[in-house]
Amino acid sequence: MHSLNFEIPNIGCAGCVQAIKNELTELEGVSSVNGDVGTRAVQIEFDPPATRDIIVAALRDIDYPPASA
C-alpha cells in the first residue's frame, strides 16, 4: 500500500473534500481518501494500477491541484 499527503489550497469547505473523495475513489487502485478542511490536507492510500501521476492528474482535472506536485 502506498500513501500520499497533499496540501490542496483550493479546499474551502466539506463539499470540496467530498468532490475530491468522489473523484479519486473512482480511480482503480485507490482504497481511501481522507481530507481536512481546516488544514486543506488530503491523504490518499492506493495500490497499482493507481500512481502518483494519475492521482495528481485527476486532482488537476477537477481544479484541486496539489500545492507541491
Side-chain angles (χ1 to χ4, degrees):
M1 174 93 37
H2 303 280
S3 64
L4 293 170
N5 294 299
F6 290 123
E7 177 190 347
I8 301 182
N10 291 356
I11 291 177
C13 66
C16 297
V17 172
Q18 191 60 49
I20 292 167
K21 286 182 180 183
N22 291 346
E23 182 71 19
L24 295 185
T25 55
E26 290 182 13
L27 298 175
E28 186 176 353
V30 173
S31 56
S32 75
V33 178
N34 293 299
D36 183 287
V37 175
T39 62
R40 296 182 174 156
V42 174
Q43 300 82 37
I44 304 136
E45 292 188 357
F46 66 98
D47 285 308
T51 65
R52 182 184 191 282
D53 291 341
I54 290 170
I55 291 167
V56 169
L59 288 167
R60 286 184 176 144
D61 284 347
I62 60 168
D63 295 323
Y64 291 103
S68 60

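These values consider heavy atoms only, across backbone and side chains, with no hydrogens, waters or symmetry-generated copies. Residue numbers count from 1 along this sequence.
- Not a single donor-acceptor pair under 3.5 Å links the side chain of Asn5 to the backbone N or O of Gln43.
- Side-chain contact check for Val33 versus Val42: some heavy-atom pair is nearer than 4.5 Å.
- Between the CG atom of Leu59 and the CZ atom of Phe6 there is a distance of 6.5 Å, given to the nearest 0.5 Å.
- A pairwise comparison of heavy atoms in Ile8 and Pro65 identifies CG2-O, 3.9 Å as the closest pair.
- With rounding to the nearest 0.5 Å, the separation of CD1 in Ile20 from OG1 in Thr25 is 11.5 Å.
- Taking all atoms of both residues into account, the shortest heavy-atom contact from Asn34 to Lys21 is CA-CE, 4.1 Å.
- Listed here is the closest heavy atom pair of Ser31 and Met1: OG-SD, 3.4 Å.
- The two residues Ala50 and Val30 come nearest to each other via the heavy atoms CB-CG2, 4.1 Å.
- Minimum heavy-atom separation, Ala14 to Val37: N-CG2, 3.6 Å.
- The closest donor-acceptor contact from the side chain of Arg40 to the backbone of Glu7 lies at 3.5 Å or more, if one exists at all.
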Worked verdict on Asn22 versus Glu26 for side-chain hydrogen bond (donor to acceptor under 3.5 Å, both in side chains): CA-CA 7 Å; Asn22 291 346; Glu26 290 182 13; over 6 Å; no
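- Separating the OG atom in Ser32 from the CZ atom in Phe46 is a distance of 11.0 Å, to the nearest 0.5 Å.
- Counting heavy atoms from C-beta on, the side chains of Leu24 and Leu27 come closer than 4.5 Å.
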